[in-house]
Amino acid sequence: MSSTDHQLTEHHVSDVRTRILDWYADNGRDLPWRDPETTAWGVLVSEVMLQQTQVSRVWDSWLAWMKRWPGPADLAEAEASDVLIMWGRLGYPRRALRLHETAKAVVTAHNGVLPADPELLLQLPGIGEYTAAAVSSFAFGIPEVVIDTNIRRVHARIFSGKGAGAPNLTAAERKLAAQLMPDTSTAQGLQDANTWNVAAMELGALICTARAPKCDQCPVLNQCAWVAAGKPEPETKAKTQSWNGSDRQVRGAIMGVLRAKGAVDVGTLQTTVEATGQLGRHLPEVSQWDRAVNGLVTDGLAVLDDKILALP
DNA sequence: AATTCGGGGGG
DNA sequence: CCCCCAGAATT
């Protein structure tokens with residue numbers, strides 16, 4: 001038994017769970033994809049959009065997307081170019097292509113019905129460990145152990161006394177998350193387990209935030225190991241990749257032009273993109289333009305035909 | 001295990 | 001300016 005298991009008594013865990021479940025009942029946000037009327041497909045769309053993109057930016061995009069393509073069959077019939085345009089500025093446009101592919105796979109391999117089994121969900125493009133578990137739990141009521149960046153931070157602070165989750169998801173974090181799940185042998189426990197997933201996530205998003213956590217509003221302030229330890233600073237993580245001058249910035253600027261114009265002659269690509277001002281003062285070298293264009297084509301985000309770069 | 005992939009919110 | 005965000009896929 002490790003030192004972190006030592007204080008993990010059932011009484012303590014149960015107390016924390018009850019407090020956070022009660023807090024969520026009163027403070028959970030009415031996000032559109034949490035509406036009971038939302039389909040499982042709608043939940044999946046929200047989860048993919050929310051991969052590395054904040055709730056505030058996803059909200060309107062999700063509403064518009066679901067209105068245009070309510071189910072997988074609708075999206076499966078769409079053109080990839082329209083899918084990318086609709087994705088807009090949510091970022092990481094490969095997510096849009098993978099969601100499009102997943103819609104097609106649901107139609108062709110699953111009779112048009114999104115599977116509930118996390119193992120089947122995992123096989124669909126763009127769905128990883130987190131999203132598979134989240135859809136199973138949130139949309140289908142299957143009490144999978146959901147672990148996202150919020151939940152990892154909440155668990156780390158309350159039970160491990162650290163300020164943040166590990167840099168990469170560890171076996172210890174998986175074990176702890178599994179131990180914290182309510183017993184699902186009763187109907188009430190089953191419901192609590194699914195609510196626990198979303199409640200812990202919500203606490204991390206609203207109260208137990210990465211920076212400037214609102215501990216004065218926290219339902220488990222007095223149960224928190226991190227607070228008890230005096231809120232030690234998290235170990236410094238690797239510096240985030242710079243944005244200005246990056247390949248991603250150039251790729252993103254090109255995609256912005258393609259979404260607006262549909263296509264552009266590669267001979268005028270540089271001046272057209274630079275004229276949008278998306279690159280700031282950065283003027284890419286020819287080699288970076290080539291790298292960006294080739295990368296977009298390789299990733300299926302654009303096609304190059306007779307010196308014309310266009311949406312797929 | 002480390003990199004790459006957008007774009008913007010917010011301290 | 002810098003870190004962070006309901007991660008996934010690739011190397």
*Let me know the distance between CD1 of A:Ile147 and C1' of C:dA6, rounded to the nearest Å.*
13 Å
*State, without any angle test, whether A:Asp247 and A:Gln288 hold a side-chain donor-acceptor pair at a distance under 3.5 Å.*
yes
*Checking all strands, does A:Arg89 fall into the base, sugar-phosphate, or nothing category for heavy-atom contacts under 4.0 angstrom?*
sugar-phosphate
*Expressed in whole Å, how much space separates the P atoms belonging to C:dT11 and B:dG6?*
15 Å
_5' priority, DNA chain B, between A:Gly256 and A:Ala212 [closest heavy atom]_ = A:Gly256
_Using a heavy-atom cut-off of 4.0 Å across all strands, would you classify A:Ala210 as base, sugar-phosphate, or nothing?_
sugar-phosphate
*In terms of ring plane angle, is the pair A:Trp196 and A:His155 parallel, tilted or perpendicular, where the classes change at 30° and 60°?*
parallel
*asked:* Distance criterion of 3.5 Å, no angle test: do you see the side chain of A:Thr53 paired donor-to-acceptor with the base of B:dG6?
replied: yes
*asked:* If I pick the C1' atom on C:dC1 and the same atom on B:dC5, what distance separates them, to the nearest angstrom?
replied: 23 Å
_Just to be sure I understand the rule, does A:Thr131 reach a base, reach only the sugar-phosphate, or reach nothing, if contact means heavy atoms closer than 4.0 Å?_
sugar-phosphate
_I'd like to know if A:Gln278 reaches the base of B:dG6 with its side chain, counting only an N/O donor and acceptor under 3.5 Å._
no
*Which listed nucleotide (B:dT4, C:dA6, B:dG6) is nearest to the side chain of A:Arg94?*
B:dT4
*First encountered from the 5' end of DNA chain C, between A:Pro125 and A:Leu50*: A:Leu50
*In whole angstrom, give the distance that lies between atom CD of A:Glu202 and atom C1' of C:dA6.*
10 Å
*To the nearest angstrom, how far is A:Gln241 atom CD from C:dC3 atom P?*
13 Å
*Can a side chain N or O of A:Asn150 be found less than 4.0 Å away from OP1 or OP2 on C:dA6?*
yes
_Taking any heavy-atom pair under 4.0 Å as a contact, classify A:Glu129: base, sugar-phosphate, or nothing._
sugar-phosphate
*Round to a whole Å and report the spacing from CG of A:Leu206 to C1' of B:dG10.*
15 Å
*Is the shortest side-chain N/O distance from A:Thr149 to OP1 or OP2 of C:dA6 below 4.0 Å?*
no
*Rounded to whole angstroms, how far apart are CD on A:Gln54 and C1' on C:dC3?*
11 Å
*Are the side chain of A:Ser46 and the backbone N or O of A:Val43 linked by a donor-acceptor pair below 3.5 Å?*
yes
*Ignoring backbone atoms, test whether A:Thr240 places a side-chain nitrogen or oxygen under 4.0 Å from the OP1 or OP2 oxygen of C:dC4.*
no
*Expected output: side-chain A:Arg152 to main-chain A:Glu173 donor-acceptor under 3.5 Å*: no
_Side-chain-base donor-acceptor pair under 3.5 Å for A:Arg211 and C:dC4_ = no
*Donor-acceptor contact present, side-chain A:Gln51 to main-chain A:Gly126, <3.5 Å*: yes
*Starting at atom CZ of A:Arg95, determine the distance to atom C1' of B:dC5, rounded to an integer number of angstrom.*
10 Å
_Over all strands shown, is A:Arg291 touching base, sugar-phosphate only, or nothing at heavy-atom distances under 4.0 angstrom?_
nothing
_Rounded interatomic separation in angstrom, taking CG from A:Leu99 and P from C:dA6_ = 19 Å
*asked:* Measure CD/A:Glu47 against P/C:dG7 and give the value in whole Å, please.
replied: 9 Å
*Expressed as a whole number of Å, how far does the P atom of B:dT4 sit from that of C:dA6?*
24 Å
*Just checking A:Trp33: base, sugar-phosphate only, or nothing, at a heavy-atom cut-off of under 4.0 Å?*
base
*Would you tell me if any nitrogen or oxygen in the side chain of A:Arg153 comes within less than 4.0 Å of OP1 or OP2 on C:dC5?*
yes
*Quick one: label A:Gly128 by what it contacts on the DNA or RNA (base, sugar-phosphate, nothing), any heavy atom closer than 4.0 Å.*
sugar-phosphate
*asked:* Between A:Arg34 and A:Ile127, which residue's closest nucleotide on DNA chain C lies nearer the 5′ terminus?
replied: A:Arg34
*Rounded to the nearest 0.5 Å, how far does CG of A:Leu50 lie from CE of A:Met201?*
9.5 Å
*Under 3.5 Å donor-acceptor pair, A:Arg57 side-chain atoms to B:dG8 base atoms*: no
_With a 3.5 Å distance limit and no angle check, can you tell me whether A:Thr38 reaches the backbone of A:Pro32 through a side-chain donor-acceptor pair?_
yes
*At under 4.0 Å between heavy atoms, what does A:Leu44 touch on the DNA or RNA strands: base, sugar-phosphate, or nothing?*
nothing
